Structures are given as C-alpha cells and as structure tokens.
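Okay, so here's the structure we're looking at.
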Amino acid sequence: MAGICDMIQLVYLVPLFPLLGFLINGIGWNKLPRSAGGVIGSIAVLISFAVSLGIFLEVKDGASAVVTLFDFIRSGQLYIPFAFQVDALSALFLLIITGIGFLIHVYSASYMHDDGGVVKYFAFLNLFVFSMLLLVLGANYLIMFIGWEGVGLCSYLLIGFWFKNRDYTNAAKKAFVMNRIGDLGFLVGMMLVLYHFGTLSYNELFGTIQSGNALVASGVYNWIAICFFIGAMGKSAQLPLYTWLPDAMAGPTPVSALIHAATMVTAGIYMIARSGVLYNLAPFALDLVTWVGMATALLAASIALKQYDIKKVLAYSTVSQLGFMFIALGVGAYTTAVFHVMTHAFFKALLFLGSGSVIHAMGGEQDIRKMGGLGKHMRITQITFLIGCLAIAGIPGLSGFFSKDEILAAAFARNPALYYLGIAGAMMTAFYMFRLYVLTFTGIFRGTESQRHHLHESPAAMTIPLIVLAVFSVVGGYIGLPPVISEHHTLATYLGAAVTNGDTVHLDHSTEWMLMGISTGLAVVMIFAAVVINKKPSFTPNTGLARVLENKWYVDELYDAVIVRPLYALAGFLYRFAERLGIDGFVNGVGRSVRWGGERIRLLQSGQVGFYIFAMVLGMLAVFALSFFWIR
Amino acid sequence: MPVQYYLFLSLALFSIGIIGTLMRRNAIVIFMCIELMLNAVNLLLVAFSKMWNDPSSQIFVFFIMVVAAAEVAVGLAIIVLMYRKVHSVDINILNRLKH
Amino acid sequence: MDIQELLFYFLSVLALSGALGVVLSRNPVNSVLFLILTFFAISGHYILMNAQFLAVVNIIVYAGAIMVLFLFVIMLMNLNADVEPQKNWLIQLAGAISGGILFLVILSAVVTAFNTLPNGGESAGTTDIGLIQNLGKVLFTKYVLPFEISSVLFLSAMIGAIVIGKKDTQQAD
Amino acid sequence: MILLVSLILVPFLAGIVSFLLKGNAVRVWALLSSLCTFTLTALLACDSSVTPLLWSVPWIPGLGAQISLYADGMSAMLCLLTGIVMPVILIANWNKFTERPHAFYGLLLLAQAGLMGVFLAHDALLFYFFWELVLIPAYFLCSQWGGEKRVPVTFKFFIYTFLGSLMLLAAIIYLSLQSQGAANSFAWETIVQSGKMLPDAEQQFIFWLIFIAFAIKMPIFPFHTWQPDTYEQSPTPVTIVLSALMVKMGMYAVLRWLLPVVPAGAAFWADTVIILSLVGIIYASCLAMVQTDLKRLIAYSSIAHMGLMCAAAFARSETGVHGILVQMFNHGINITGMWLIVSMIENRWGTRDMAKLGGMATAAPRMAIALLVIAFANIALPLTNGFIGEFMLFTGIAQSAHVYHIAYMAVAGIGIILGAVYTLNMVQRVAYGNVTEQKVQGDLTANEYIGLAVIISLILFLGIYPKPLLEATSGFAVMFMP
Amino acid sequence: MKAIIAAAIAGVIMMFVSILMKEKKPTVVLATILMCILFGVNIWELICSPKGSMQPFFNDMLLISRDGLWFNMLMTGCTLLYVLLVRKEIQKVGNYVAEYFALIFFILVGVYLLSGYSNLLILFLGIEILSIPQYILAGSDRKSLKSSEAALKYFLMGAFSTGILLMGIVLVYGATGTFVTFAADYNVQSLAVYLTHASSANALTVTGILFIMIAFAFKVSAVPMHMWTPDVYDGAPTPFTAYMATVVKAAAFFAFIRLFQHTFGGLNEHWMIILAIITAATLFVGNLTAVFQQSVKRMLAYSSIAQAGFMLFAVLSNNAIASEGIIIYAVAYSVATIGVFAVLMKLKDYTYDGFNGLARKEPLLAFVTTIFLLSLAGIPLTGGFMAKYYVLQAAVLQGQLFWLVIFALLMAAVSVYYYFRVIIAMYFKTGNPELLAPVSGGDKILLGFTCLLIILLGVAPQLFLTSI
C-alpha cells in the first residue's frame, strides 16, 4: 500500500497547479502573449486532473486519508490545521472539477481568444478551480469555508470580467453579496459547531456524533443544519437566494459553464452530502431542505418556460435541477444527489458550451427569437446540444434519466406528494429544453443578414470538448443503474465509504417500473408538445401568467422593494438625522451651550462697583444661610 | 455691661455700614461707611478685651486704626485722581471696564 | 438702673442715629459730621469700658485727622451742594433689605453662643488693662513686630500718595 | 532595557532634530530614523516573544510614580505595527508635503514616540503622559496640513478626546490612592490589585470613567462623531497614524488597563458595551453605505471594525482576546493600505467624491489590483489577514459566557454582509466603469509601488500563514481574563 | 525673618533711589540686583533653617516653617523672573519706576509675613501690606482712565473685605480669647488648641470662621467675591496685572491654607461643604466666562479665577499632599502666567486677532506661548498638569470630594477651549501681528528658560518639593 499511499500524500499537488497557473497568469497578465494564457491555464488543470485521477484510483480501492499541511489557526483550545481530506466523495468531486474544468479551459482558449484580457481571464479561471478544489478537499469546515468564499470571489471577478459595463459589475456585486448572506449562515453554523463540539474537523465531529457521547440537545443539530443550509442556499442558488445565478450570465459563457456545471453551485450539495451524519440527526432541517428544493425546482422551471435568452433558460434550468438535487438530499439520498450532480455536470456543461458556440456563431446574439434553423450551419453543435437536451429531459438510456429517476423514486418512497410535484418539474424541464432546442436549431433563421452570412461551425478546440461531454452525458449514467436493472449500484457502493445516507425505504420493483414509466412517458409527451407548439413560433407580447413568468415572478423587483430600497432609505435617514442631528448635534450642542452660558454669565460683569459689592453681600447671605439653616 | 449688648450694638453698626455701602453712589460716602464698619469692629474688640481681660485686643484696635489711616491716605488719593479725570465721584459712571 | 447703663443706652442711641445719619443724609458734608458724631459716641463707650488710651486715640486720629481729611477732600471737590445723584429706590431698598437680613441672620446665629461666653460675658477681674502704661508695655514687648511692620505699611501708603497724588510735570490738566 | 528606552528615545530625538533640519534632508532623516525604529521593534518582537522585558526606575517618589516600561507580545506586536507603518507612510508619500516639511516630519516622529510610549508604559501615570503626548502632535498635524474645515474639526476632536482622558485621569488618581504610600502605587500590578480590591459598586463606577476615555479613542458607537470629520479633514499620512495606530491605543488600553483593573465592573457592564458595539457595527456600516466621500466611507468602516473588536473584548473569551491582538495588527495594515490608495486617487483624480471617479482599472490597473486586494482584506475574505482576525473575533464572541452569545455573533456577522455591500460599491465606483478625467495620469510610481507592495505581501502572507503572528501573541489572552 | 528685613530694607533703598537717580535704566538694574540679593537671602535662610521643626519669632507672632521658607524662596524666584521679563515694559508705565519696585519689595514683605504668620494680627497686617501696594500699582498708569477706575474699584471692594475679615477675627477672638493661630509649644493658648474638634465650636467661632473665609475668598477671587478681578486685571497696567495675578494671589492662597488647614481644620465640617460649593461656582463661572472673551488679557483674568478654583481644592482637602500641591500649583501657575503676560506685553493688540500668524513671524515666541498655555490648560509634560494632579489627588484623598473632582475635570476640558484659541490664532490663522519692539535676544533666552522651567516642573515636580 505504501507506494500507493504516496499518491494520496501528493494531494496538495491538485490545488497547487491551478494556483501556480493563477500566479503565472496573474503576474504576467499584461506581459504574456494571448495564447500563452490558455495553454498555461489548461495544462495546469490537466496536470491536477491527472493527479486526481491517480488519487481516485487509490481511493476506489478503499484508501482514504487526511493530509495535514500546516497549522492554520491555533489559539488556546481552538486548533484548526490546514488539512486535506481525501476520500471517495472528495476524490469524485476532484475528478468532476478538474475533468470538466479542463474541457472548459480548452474550450475557452479559443472562445476567449480575441478578448484583450484573455490572460487575466485564465488567471481567474485557474483561481476558480483552485478555490473549488480547496472547498472539496478541506478536512474541516474552515478550509471548506475558505474555498466557499473563494469561489464567491472568483464568480465576482469573472461575472464582472467586462468591468466597463455597469450592469455586469452590478451582477457581479449581486452575486457576491447574495453569497455573503449565505456565508454568514455558514459562519454561524461553524460557530455553533465550535461551541458545542469544540472542533471543526469532519472526522472528529462526526466521530463524536456517531459515538453518541455528544452532550447536545437534538435541537442543536437542527440549528446547525439549518445554518449550514442557509449557506447552501447562497452557493447553490436556492430560494430565496437564487436570483444571483441567472444574472451571473453577464460573464463569458464558458464561465457560466464552469459555475453551473463543475464548480460553485455544486458546493452546497457537496457540503450537505459531506455533513450527512449531522443532517441525519436533524429531521426538521432535512424537511426544510426538501421543500425548499422542491419550491426552487418548480419556480425556476416555470420561469424557464418563458425566457428568450438562451443562457437564461439554461440558468433557470440549472436552478431547478439544483432543486432536484436538494430534494434528494432532503430525503436522505445523498449518493443520489451526488449522482445527479455528476450527470448534471456533464450535460449542463455540454449545454452551456453548446450555447456558447451558438452565441459565438451568432456574433454575441443571445435572444432565441432571433435564431432558428442553425442546425444546418453547425451540425456538431446541434447534435451534441440535442443529446444534452435528451439527457436533461430524462429520456431513458441517457445519464439524466438514471439520476433523476433515482431522485424521484427516493422522493416517492418518502412521500408521494413529493414525487408528483417532482414529475411536474420534470415535465416542465422537458418542455422548455425542447422549446429552446427547436427555436434555436430548427425552423427558419430569424436573425439579420449579416449574422446569417458568418454563421459557421465553431473551431475544433470548441467542438471537441462538446463531443467529449456528449459522450459522457450518454454513458455517465451507467455507474448508477437502478435496482430494477442491476442490484449493483456502482456509485453507491463507491461512495458508501464516505457518505452515510439517511434511512431510505426501498421500493419493490413493480412500483419502480411504474414510476419510470410515468416519468418517461410524460417527458416524451412534453417533448412532442414543445416541438409542436414551437414549430411555427409567433412572438406576441405575453399576457397574464406568461407575462409574470417572463418577468421571473417579479422576484427581483420584490427584493428591491422590500430589502434594498428600505435599507438604503434607513441608511440615509440614519446619516441625516441620527448622525448629523442626533449624536453630532448633541455633541456640538454641548459646546454651543457652553458658549451661550459664557455669553450670559459674562453680562453679570456689569462694571458697577455697587453691584459687585451687592453680589458679595448676597454671597455672604447665602453662606450664612447655608451654614446655619442647612448644615446644622 | 455684659458683652452681649456690645455685640448687638456693633453688629448693628456694622450692618448699617454695609447697608450704606450698598445704598450710596458717592465713593467718599461709601468709604466712610466702610470706616463705620471698622469702628464697629473696634468697639466689639474693646468689649471683648474687657470680657477676657486681655490687652492684646486693644492693641489690635490700635493697629486697625493704623491701617485705617494708611488706607485713607491711599484711598482718598485714588478718589482724587479719579475726580481729576471725570470730575465726579459717582461710582455708577465707572463702567469702562465690564463684561 | 445705674448710671452706667444709662450712659450705655444713651451712647448707643447716639452712635446708631449717627450711623443712620451717615447713610441717609443726602449731603456728603452732613455724612461726615454724622460720622464724627458716631466716633465720639464710640469713644464714650471706650471710656465706659475703661479704655482711655483708645478713647483718646479714637478722637485724635479718627475724628480729628481722618475725618478732617475727608472734609478737605469733599470741600476740594465742592460736593457740598446737594446735587449727588441717588440710586433708584429699588436698588436702595434691595441694599437695605439684604443688609438687614444679614444683620438678623448673624444675630440669630450669635445669640445661640451667649451661654458659652466666659462668666456670662461680664468683665473678669480688674479692668485697668486699657491704661496707657499697660498698653505701652504690651505694645513694645509682645507686639513690637507688628509695630515695626506697620511702618512698612505707612511707607507704602506714602509711596502711594506720591505715585498717585503727585502732579505729573508732563501731564497737562 | 536599552531596547525599551531607545524605542521611545530614537523617534523622539529624531523628531526634535528634524525640526532643525532644512529642505529635503529632513525626508531622508525621517525615513532613516523610522527604519531604525523599525529594526528596533523587530528586535523587540523577537526578544519579547520569549520572555517579557521589564525596566523601571523611580520617577516621582512622592507620588510613587515610576518610569517603567514593559514589553510582552501584545506591546511588541503593536510597536512592530507602528514600526512598519511609519516607514511605509514616509515612502509612499515621499514627494508630498513640501510645505514646511521639517515641522511635518518632526511632529510625525514625535507622535510615533508617543505611540511607542503608550504601548510600552507599565505605569499608569506614565501611560497617561504618553496618551496625551500622542494627541498634541496629532492635533498640530491635522490643523496645519489638513483640509479647509480642518481647524474647527480638529479642535473638536482634541477637546473630545481630552475630555475623555481627563475622566481617565480621575480614575487613575482614584486607583493609585488605594495603595497610597506604596513605592509603586501606579505600577500596573498595583493598579490591578487595588482595582480588584474595590467593591463592585465602585468598580462599576470607575469602569465608566476609564471606558469613556478609551471608547472615545476607538471610537465606540455613541462617541464616534469626531472621527469621520477628522479623518476627512486631516492629511492622509496623519489619517493613517490616527486610524491605524492611535485607534489601536484605545483597544490596547481596554485590554491592558480596563479589563484586568476593574473585572467586576467589566463583567457588570459587558452586555451593555457589547450591545453598544453591535449597534455601532450595524449603524456605521449603514452610514458607510450612503457615503460618497471615500475618506468618510473608510472612516465609518473602521468604526465598524473597531466595534467588532470591542464586542469581542467584552465577550471576554480567550480566543476573542487573542483575535483582537491579531486583528489589531491586521486592521492596522489593511487600513494603511486603504488610506494610501485613497491618497493616490486624490492625487490623480483631484477628488474623493466617488460620483466623480471611475475607470481606475483601465487608467491605472496596478493600483486597481492593489485596491481590490486591500478591499477584500478589508471585508475579511479568507486567505487575507483580515479573515484570520475576524474569524477569531467571531469565535470569541460565540464562545463567550453571555446568554445571547450566538445572537451577538450573528448580529456582528451582519456587519460583514453590509461591509461587502459598501466596499464593493466603492470598488465598482472607483475602479470599474469608464475613465473620468484625471488631473495626473499614470499608474503607481516607484515609491507608491514599494509602499503598497509591503502592505499587500503582509496581507497575503498573514492571511495564508498566520502562525507567526498567532504565536507571537498567544498566551497573553489568559492574562486579561477577569 | 532675615528675608522680611532684607525685603523691607530693599524697599526703603528703592525709595531713596527714586530721589537720587532720575534715569530709569540704572534704577531697573539696581532693582534687579537687589532682587537677586533678596533671592540669595531666601536661599540662605532656607539652608540655615533646621529641618522638620518650626521656629517661633517674637513670641508667637511668626512661626516660620520650612515649607513656608521654601514657598518664600520660590515666590521670590518667580518675582525675580518677573522683574527680568518685564524690565522694559515697567519703564513704560510711568515716571515712578523706583517707587514701583519699592512697592513690589513691600509686597514681598507681605508675602513673607503671610507665609510665616502665627497670629491673626500679623495675618491682618500681612494682607494689608499685600493689598495697599496693589491698589497703588493698579492705579499707577495715570494717563489711562481705565487704570484709575481699576484702582478705585479694587480699593473700595478691598477695604470692604478688610472690614469683613476684621469682623471675622473679632468673633473668633471673642469666642476663644486669643489671636494666636498656632504655637510651637502646645501649652501656649492658641486657636489650634481650642478648635481641635467640632464640639469646641460655638456659633461665634463658626460665624467668625465664615467671615474670614469670605474675606479670603475675596482675596483669591472666588465666586461670588470674584467680580473685582476681571475689571482690575483688565484695567491695571499689564506688567502689574501679571504680578497681581500670580505671586500675590499665590501668597493669599498660602495664608488661606495655613489658617484653614492648621487652625480651623478641626472644624472643617462647618465650612468644608460651603467652600466646596464656592469652589464649584468658581470653576464654573471662571471657565465659562473666559470662553467668550475677545481680549486675551481679560481672558487671562477670568482664567485666573478658574485657576483659583483649582487651588481651592488644596484648601478644601487639608492634608499633606494639599500643602505640597499648593506650592507646585503656585509655581506652575505663576511661571506660566508671567510667561504669557511677558509675551502679551510685546504685542500691540491684546485681542485674539493680535496673535494671528505669530508663529510665522516669531516662531520661538509662539512656541513658548504654546508651552505656557498648555501648562495652564494642564496638559501632561508641563507644570500645569502636575499642579492640577497634586491638588486633585489631595481632594480625592480627602474622600468626600470625588464629585467635585469630576466636575473640575469637566471644567478643565472647557478651559482648553479658550487657551487653544490663542494657539489656533498663532499657528493656524494668517495675519501680521504688530510687535511694540523687536524681541531682544535676552528676552528670548529668558523665555526659553521659563519654558524649560515649566517642562522641568512637569517631568520632575519633586525637585520643587524636596523640602517637604
């Protein structure tokens, strides 16, 4: 084993190379030639992918370890090492992050080639990967938190990449602040853990909990779990903190792919899956997770029905897919959630990159009302995109089908209502994805002449990643075959070492067959509906519900009116009245009153000797009166 | 006569002196009232000296007279100086210095 | 009531009325005269208390020298005419009242101490301390330092007279 | 002993000398002396981390006052901060302040001497001396070289803080008299002893006498109104001295001269003070959100930061106090960087009004990067030094023995959200968008580059590997536990 | 004793000088020499005097203690400094330079008496010897009406307060039968023996003590007997104002403490609370009124009232630290005030605007003024701080006066306001202050020395206290 263990001991290489990439690109942001940035960045990620592959191979054989690099914070009883945890869960995520990350790097190399700040761009991209790796590798919540905030930072930098545009920078700000709100929840959660258990490291914490000699009330678990979940809301864009994700489209498209597929949003799922032990003891928190996830899934899906921006549709679909994952977490099927994370990573990355190549071809145009019939100009994109759509829609045989179906099954086992709602969500997914597909690739072209002229297939650097991802979107699901097909659930057994699922009821096969049938059937139906409806598209201004959906349920406006404006109003009020008039006014008032008093008292000095003597006599009177009628 | 009577008397004189200083505007008269106060004190001192049968207080009276004389010399000089300037000894017009 | 008491009351009335005269009379000259009257009355008291030396000094120094000086000054300023502006009656009333209250307050305090006075405030033993030779002895033995010191006082008074009173050569008036 | 004395004497004498120098020589002189001081502080930091240094001689026997200097990790760390910040100020503002530089640098160095004294004094009366001694040069610096409203504003600042320190004086007299006749009735140990002996009611009263002085200096919520005006009006190097160093005097004093001295009083008022600080955090952050002047914005943000430290101090948990020691240093570094950037902006754009600024990332990208790093350090992003400190502060508050400790911590946490809001607003307004017209073109000059490089490298190093700082300051927390 | 004689002789010499020599300059030189000799005599007497014990003179007329001698020496030193600093201005006042110096010497006689008296008669004479020359000096500028007015006001009120003082003395005597305040040997009949504890007080004594207190309150210009102060200080020729406001007032305070600490201390529950209220009023009125002044000279007059409020603490809190405190305070306050006046006298315009931009024109002058003002405001490192510290510590030690201490500190913060207005004018305002004459090098050295003195007092006060 010794020789093998070395690989795990080398885990620090995994984040190291992206960091190096970041440093090189970052320091040479204005010296390096444009092409160099892409090369350096991609290679960095590639190496760490290789390393993590090695690690994965070891971990697959049951190896796991905690690698401590150095003391991070040590103060009295508080001891937090800078340590990495290598086990099945983190290894899997390493693969996803570095693998898909690499593809996206390669893709961006050509996508961003014409941009001036390409080197800076790759620096940020590497930093992003680095932070995400820290997040999943951390052996305690603090290291996770570092990555947690790190990805927030990178999303801020990348969303605001074109910083001259005020809307983009606003979006970036929004993303960061929303995340910060979540992070506060996470922080409070950490504090609670520290206060009650005195440690942040996973092993010690879960060890104490499982050994059962943790002397804490059951309510505490709920509180901790809820606080952490608030953090997850921020990162993984759940209600009510999801609004930043659609706006994050402001960044370059590959960034969206990275955020949505490989990094960032999956953090929340990873965190909860990691803290499964904790969550299993927090039933209330789990229910909360479930219903929030459900609500998010439905809401986002419904919004996606009426979006015209190709990336917005995908963004909302991500939100709703994340909702599905949280449902899975909520019902205690952590492995299922992770499974869906993986498959979703494949096809969502695929879809985004596809849309990227579409936008590339359309010369920056994102409105699907202006597209149509692109299929004949860009075959590869069309086909890969179609695969992605089928996968996400849950057509049997593709990855999405297995993972989503597992989620629905688990939900049904917990509570049929969940299942039906889930189905509704799934149907909407199928519908809007194919609406998107049809409007984009089929029918007649609705754009301008100039656009039509330079429509073209993207270069190989962009299409190859598409193809690779398409392949994975197809086969990715077969590591998690449902029980009805094979008793051996590869992923579940693999993750079993690291993740302790909640008590999930196992359904008998007939029910499972039925469930699959229903979902598949409905999905197919919705697909046809979508195709039929959007064959001859007519974009009349929406009315009624459709209008509400187009405007995303007016949630942003709501937040603006309920939180943002009042806050600024309050601040202005405080500044103008409490500060200027109130406190400072008081302070100055004291000084002014002293001056005023001085001015008055000095008038006693009338210059009249007679009065002076009179004052003396009065003083004597007062003195004697005091001494004879008060003191004794 | 017991000393109480003299206490009454000299306190009365003393107070009349004070009242005088408060009531009059003529610097000289005010000064005279102050002299009155001093004399009240003298009277009381002598009375007490009789009571205690102690000469030192009469010596004290003597010194009070000495000081009074000196004060008169200076005081009247100042008043005259003032009079030379403003041709009045009315204290109410002394208000160049105020506030 | 024996002659002493009679004299006491007489002199007291004389002194008080003289004092009141000083305060109330409009004309400064009258004030001076009233003050002299008062001094005489007080000297009478001194004699009553067998302090001849002080009685004499009082007459000579006060009534004689000081008051005459006052009189000179007043004449020199010819304030004898009844032209002196009065304070308005309110201020005068305030002064009178506050002075009176002061009198009452102090008195009310002092009377409480009467019982503590040695032998009821009566004179103790022989009372020839006021005679010149006794006083002289005390003055030049025990009280020689103050006696010397007072010369400094007079010197400064003298300088004062020079510095303030003497006509300046360059000052034209 | 030589070390302790020279720490105060070197800047003091250098200051005196530089009054006599003429022209450009004074800059060099000031820089040399401050570098020398820096090396001394570095030495001190090495020595005292092993064993605290103490040196004392009788001063006023009649009163029992001593000249006694003491350096443990906390003092050494703050001295080091002073030693680092001073040269940075001098370098980064190298070619400014051509108007009567000898007076300017002289006063600056005198202020440094005073600061050293405050951090080293181990005798209450001596401490009070230095406490005031810092104030005088600061007063002259501000009202001589500041903005147009400088004189009244600085005057207010002076009287305000002077009033506070007079209350402190009353407390010192009172405490020192508890051990009347002792040969060292002002020594720290004696003061602590006599303070502990007092009955609770008196401690609760004395507590306010002492705390007012420090609260005004820090400043804590209702006593803060002098600060934004003063920071806005005073010249940037002085603002740095004020906000990076003098503000720390207040915090240091709370730890050294308040908590151990009147433990019962502190315990009694702890909740009150914590709540005040929390209100201050939220309040100041809100106000920072609506500021348009950069200096005022940073001023309010620093009020919020000090509020957090103060809350942690009165949470009176070991981690919290340790966190304060760390955060004092870090905040000093970060805020210095902030002010440097602000002054550079002012020089180039000729204004501090954010509405008129923009496009730094295009016009001066290096500066923009520096701004970004410092800004994120200011909002305690992990892997910057700000995070370490604030994390420990939060932990400290959460681990305190108060009933609502978690609630306190959560409220304090709101501060980091609002902090993100206003800081990112600032970054967006200043760095992003299109370039507005500039007075002076150009990116960082060499001297500015050096200054910022020092700051940023410290930020990142201490953020990633805080161990040295933590170890230098560890263990002293226990001393201040009531 | 030697000092008293020497001072008197010096005064007499100056009187004859006034007849013999007509030029002013040599007169001043001679006076300075005499002052130096007098200073020497003081030091000599201090050295000769036995430690610890008190020497009685002329059977209980004087009881000269070592701290009394120390005080004399310091005050003479201040006078010497004063004479050196104002030697030019004093010639401008009038023709009678020699007489002025004679009066100053006589005032010193009064000072010595007040620091050494042990008999109410000497106290009375001392106060008169202190006062009468002041009346004269106040009126010595015969050209100015203000000066004469000041003299008259001062004289009338002073004579009035003399009456009050005498009434007090008489009442006390009536109750006890002796004028001896305190005697070296305990079996001498002295007030200190009579009035050891409150029970020994009857109404006569208390009334008398209060009368005396009021008279002293007048001399040290405590509210409400303070009203003469601003007018007199404002009207009197500036050189003499400088002297009246410093040494003379300090001497009055020393006598005040001597009497109320050693003699009436046993009865303090009868007068302490009243004096405390008077102190509070003094601090309040003095500081607040000074805030609004336009003329620096008048501001200093009010500030002297405020400072008196602080010195009253020493009287209030009769204990050992208090008597140290009053000495420190007397020196610190006198030196600083004399310094400020010395600078003020160099200027043409006494208003705040007269100081505008002094720092640019005369940096050294501005610097020393700043130090003096800081000292008056009680900023550490200057004598003023140590002075305030001592008296306040004494008050806190006394036990019942902490509230008053806090109040006093608040008022000290107010005082910063008006002192710093001068500093602001000098440094932060632009203007061209007109000097009467260019400042000579000698003056600069003297001022620098004075400023050093202040700082020395601030860092090493014990140097000025080694006698006690």
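We name chains A, B, ... by the order of the sequence lines, and we start the count at 1 in each one. Keep in mind that this is a model prediction, so the values were computed, not measured.
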- Item | Portion of E:I132 that has a non-hydrogen atom of chain C nearer than 4.5 angstrom | side chain
- Do E:Y100 and C:I159 have side-chain heavy atoms sitting under 4.5 Å apart? no
- Message: Other residues, nucleotides and ligands only: do more than 12 of their heavy atoms fall within 6.0 Å of CG on C:L104?
- Response: yes
- Query: Contact part of E:L210 toward chain C, heavy-atom cut-off under 4.5 Å: side chain, backbone, both or neither?
  - Reply: neither
- Query: Tell me, side chain or backbone of C:V144 under 4.5 Å from chain E's heavy atoms, or both, or neither?
  - Reply: side chain
- Item | Shortest non-hydrogen contact between C:V163 and E:E99, atoms and distance | CG2-CB, 3.6 Å
- Note on the structure: Heavy-atom closest pair (C:S156 atom, E:P133 atom, distance to 0.1 Å) is CB-CG, 4.1 Å
- Student check: side-chain heavy atoms of C:I162 and E:Y96 closer than 4.5 Å: yes
Mind listing the side-chain donor-acceptor pairs of residues 54-73 of chain C below 3.5 Å, one per line with the distance, residues two or more places apart or on another chain?
residue : atom : partner : partner atom : Å
C:N58   : ND2  : C:S43   : OG           : 3.0
C:Y62   : OH   : B:E35   : OE1          : 3.0

- Counting heavy-atom pairs under 4.5 Å to chain E, which of C:G160, C:S151, C:A161, C:P146 comes out on top? C:P146
- Let me know if E:I129 has heavy atoms under 4.5 Å from chain C in its side chain, its backbone, both or neither. both
- Message: For C:F114, is the CZ atom crowded, meaning more than 12 foreign heavy atoms sit under 6.0 Å from it?
- Response: yes
- Check whether E:F211 gets within reach of chain C through its side chain, its backbone, both or neither, counting any heavy atom under 4.5 Å. side chain
- Query: Can you find a heavy atom in the side chain of C:L145 that is under 4.5 Å from one in the side chain of E:M1?
  - Reply: yes
- Message: Report which part of E:Y117 has an atom under 4.5 Å of a heavy atom belonging to chain C: side chain, backbone, both, or neither.
- Response: neither
- Message: I'd like to know whether E:Y135 forms a side chain to side chain contact (heavy atoms under 4.5 Å, CB included) with C:I164, so could you lay out the CA-CA distance, the side-chain angles of the two residues, the decisive distance to 0.1 Å, and finally the verdict.
- Response: CA-CA 10 Å; E:Y135 306 148; C:I164 293 176; over 6 Å; no
- Going through the checks in order, is the side chain to side chain contact (heavy atoms under 4.5 Å, CB included) test met by C:Y143 and E:M61? CA-CA 8 Å; C:Y143 284 88; E:M61 286 297 147; 3.4 Å; yes
- Atom pair CG/NZ of E:N119 and C:K142 - distance to nearest 0.5 Å: 7.0 Å
- Query: Which one of C:T141, C:L155, C:V111 has the most heavy-atom pairs closer than 4.5 Å to chain E?
  - Reply: C:L155
- Task: Could you tell me whether the side chain of C:I149 reaches within less than 4.5 Å of the side chain of E:I4, counting heavy atoms only?
- Result: yes
